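To keep things clear, I will list the structure first and then write my remarks on it.
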Amino acid sequence: MKPVCVLGNGQLGRMLRQAGEPLGITVYPVGLDAEPEAVPYQNSVITAEIERWPETALTQELARHKAFANRDIFPRLADRLPQKQLMDSLGLATAPWQLLSDTNQWPQLFSELGNFVIVKRRMGGYDGRGQWRIHPGDETELPADIYGECIAEQAIPFSGEVSLVGARNKNGDCVFYPLAHNLHQDGILRASIVSPQENYHLQHHHLQHHHLQQQAESMLSAIMHELKYIGVMAMECFIVGDNLLINELAPRVHNSGHWTQNGASISQFELHLRAILDLPMPRPVVTAPSVMINLIGTDINAQWLSLPLVHLHWYEKEVRPARKVGHLNLSHFDKNELKNTLQKLIPMLPPEYQSGLEWAQEKLI
């Protein structure tokens with residue numbers, strides 16, 4: 001098996017390395033400032049855990065590498081402008097948007113997009129940073145340097161947020177996981193919950209869920225085919241009525257797919273390695289509901305391990321406010337067992353987790 005070099009050595013690179021080990025695939029997560037000589041990239045397949053990177057000796061060297069999966073796709077999706085243009089060109093629904101290039105646009109923006117507009121930096125800006133929520137009058141507070149560097153979107157009143165994680169190989173075969181329902185607070189993912197794609201009973205919410213799953217799969221496969229993408233991609237969507245609007249794309253393994261480590265027969269990390277190395281890529285089997293709780297700026301607590309359903313994934317990063325330092329995965333066929341475990345977690349976590357744990361319990365009904 002060819003080795004894999006991952007550009008970036010944060011938690012996603014670490015989890016790709018963990019997923020490669022049992023398969024005999026050596027994965028090297030590489031810091032952006034590494035000396036090119038120290039990295040065994042010549043005979044490796046290259047992938048990335050981040051969408052954009054600075055010019056360094058290493059990244060300039062890798063930019064010329066013929067086995068860099070999706071190399072030319074990263075800059076296209078790392079910038080929200082070509083990302084939105086791609087979705088428009090494929091006729092896929094997104095929030096109405098415009099490029100924000102001039103302060104004089106505001107009267108026309110409010111008349112076309114309505115009185116609540118989200119301004120997002122084209123580059124960077126994740127976990128709620130680089131975004132502004134603007135009502136008429138607020139636009140005067142915006143920093144002057146953002147014009148030309150941002151898009152403005154209509155704020156969408158949605159009933160829920162979901163994400164689809166899927167993968168495509170070089171043959172064009174695509175496989176998908178069930179939709180994850182996500183809870184964000186301050187722009188940061190707090191929790192995800194997934195139900196298996198069972199045989200849908202003729203209840204309205206099952207039928208709707210089945211419809212949303214099919215809709216999401218057709219949208220994401222259209223995007224991956226258009227880009228000739230190889231590997232795992234995530235698509236975040238809003239539920240509006242009975243339909244999905246695409247919020248954004250991530251050309252990599254994704255936080256809302258972490259539940260797959262303990263809730264699917266093949267994790268998103270293993271699936272990504274299979275896709276980029278052209279190994280067999282069957283559809284992962286998901287037999288039980290799963291919950292993922294992000295650990296954000298919270299110290300490790302051995303008490304979590306007293307609960308038999310809890311799988312702790314700790315990233316060994318320095319704990320800082322608003323920083324993702326780990327996650328907890330829970331999976332069980334009996335939703336009541338899951339709900340009881342979530343209830344027992346409440347006193348073991350800081351108070352700001354309570355609403356997310358309660359949200360997950362409600363979603364399990």
Side-chain angles (χ1 to χ4, degrees), residues 10-23 25 27 29 49 163 165 167 177-184 188-197 232 234 252-274 284-317 319 323-350 352-364:
Q11 66 262 25
L12 300 179
R14 170 192 171 93
M15 291 188 272
L16 283 164
R17 177 176 58 80
Q18 291 166 345
E21 269 176 15
L23 300 183
I25 299 166
V27 177
E49 65 152 26
S163 54
V165 174
Y177 293 100
L179 282 170
H181 286 258
N182 300 322
L183 175 71
H184 287 86
I188 299 180
L189 180 67
R190 302 296 305 203
S192 294
I193 180 158
V194 175
S195 293
Q197 287 158 289
V232 162
R252 53 173 169 80
V253 288
H254 191 257
N255 194 175
S256 67
H258 290 356
W259 65 272
T260 61
Q261 292 170 301
N262 304 101
S265 61
I266 302 170
S267 76
Q268 64 164 346
F269 302 99
E270 181 181 329
L271 193 65
H272 184 66
L273 296 174
R274 287 176 180 235
V285 177
V286 177
T287 51
S290 284
V291 181
M292 189 272 314
I293 304 294
N294 257 346
L295 299 169
I296 296 159
T298 301
D299 286 315
I300 195 166
N301 179 356
Q303 241 198 314
W304 302 325
L305 301 176
S306 66
L307 302 171
L309 294 187
V310 167
H311 295 270
L312 168 63
H313 295 265
W314 189 251
Y315 308 154
E316 295 182 78
K317 287 158 60 166
V319 176
R323 187 181 213 191
K324 293 174 185 170
V325 289
H327 63 274
L328 303 175
N329 281 342
L330 300 75
S331 185
H332 197 275
F333 64 88
D334 181 347
K335 289 183 174 177
N336 288 321
E337 290 282 333
L338 279 179
K339 281 157 74 170
N340 292 340
T341 300
L342 291 169
Q343 192 58 39
K344 288 177 184 159
L345 271 171
I346 290 177
M348 299 181 187
L349 283 160
E352 67 266 20
Y353 286 80
Q354 184 167 344
S355 59
L357 291 163
E358 287 172 352
W359 172 86
Q361 290 178 67
E362 282 160 28
K363 278 275 174 206
L364 283 165

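What you see is a predicted model; the values in this text were computed from it and never measured.
The minimum heavy-atom distance between Gly20 and Val27, with the atom names listed, is CA-CG2, 4.3 Å. Between Pro196 and Pro178, the shortest heavy-atom distance links the atoms CA-CG, 4.4 Å. Residues Val286 and Trp259 share a closest heavy-atom pair of CG2-CH2, 3.8 Å. Residues Leu183 and Gly356 come closest through the heavy atom pair CD2-CA, 3.5 Å. Summarising the geometry of Ala360 relative to Leu342, their closest heavy-atom pair is CB-CD1, 3.8 Å, with the distance given to 0.1 Å.
Counting only heavy atoms from C-beta outward, the side chains of Leu345 and Leu328 approach each other to under 4.5 Å. A 4.5 Å side-chain heavy-atom check between Trp304 and Leu295 finds at least one atom pair inside the cut-off. Put simply, the side chain of Thr298 reaches to within 4.5 Å of the side chain of Pro350, judged on heavy atoms. When side chains are defined from C-beta on, Met15 does not count as touching Val253, because their heavy atoms never get closer than 4.5 Å. No side-chain heavy atom of Glu270 sits under 4.5 Å from any side-chain heavy atom of Ile25. Counting heavy atoms from C-beta outward, Ile300 and Leu312 have side chains that approach closer than 4.5 Å. Within the 4.5 Å cutoff, no side-chain heavy atoms of Val165 are placed close to those of Leu271. With contacts defined as side-chain heavy-atom distances shorter than 4.5 Å, the pair Lys335/Ser195 qualifies.
For the side-chain contact (heavy atoms from CB on, under 4.5 Å) criterion with Val310, the lone passing option out of Thr341, Asn262, Asn329, Val291 is Thr341. Of the options Lys317, Glu49, His327, His258, a side-chain hydrogen bond (donor to acceptor under 3.5 Å, both in side chains) to Gln11 is made by Lys317 and by none of the others.
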*List the steps, then state whether side chain to side chain contact (heavy atoms under 4.5 Å, CB included) holds for Gln261 with His313.*
CA-CA 10 Å; Gln261 292 170 301; His313 295 265; 3.5 Å; yes

*Apply side chain to side chain contact (heavy atoms under 4.5 Å, CB included) to Arg190 and Ser355, showing your working.*
CA-CA 10 Å; Arg190 302 296 305 203; Ser355 59; over 6 Å; no

_Does Lys363 form a side chain to side chain contact (heavy atoms under 4.5 Å, CB included) with Gln361? I'd like the steps, not just the answer._
CA-CA 5 Å; Lys363 278 275 174 206; Gln361 290 178 67; over 6 Å; no

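Panel note: side chain Asn255, backbone Leu189; no donor-acceptor pair is recorded below 3.5 Å. At distances below 3.5 Å, not a single donor-acceptor pair connects side-chain atoms of Tyr315 with backbone N or O atoms of Leu12. Put simply, the side chain of Tyr353 gets close to the backbone of Ile296: a donor and an acceptor are under 3.5 Å apart. Between the side chain of Ser331 and the main chain of Gly263, no donor-acceptor pair closer than 3.5 Å is present. Although no hydrogens or angles enter the test, the distance criterion places no donor-acceptor pair under 3.5 Å between the side chain of Ser192 and the main chain of Met292.
Between atom CD of residue Glu337 and atom CG of residue Leu309 there is a gap of 6.5 Å, rounded to the nearest 0.5 Å.
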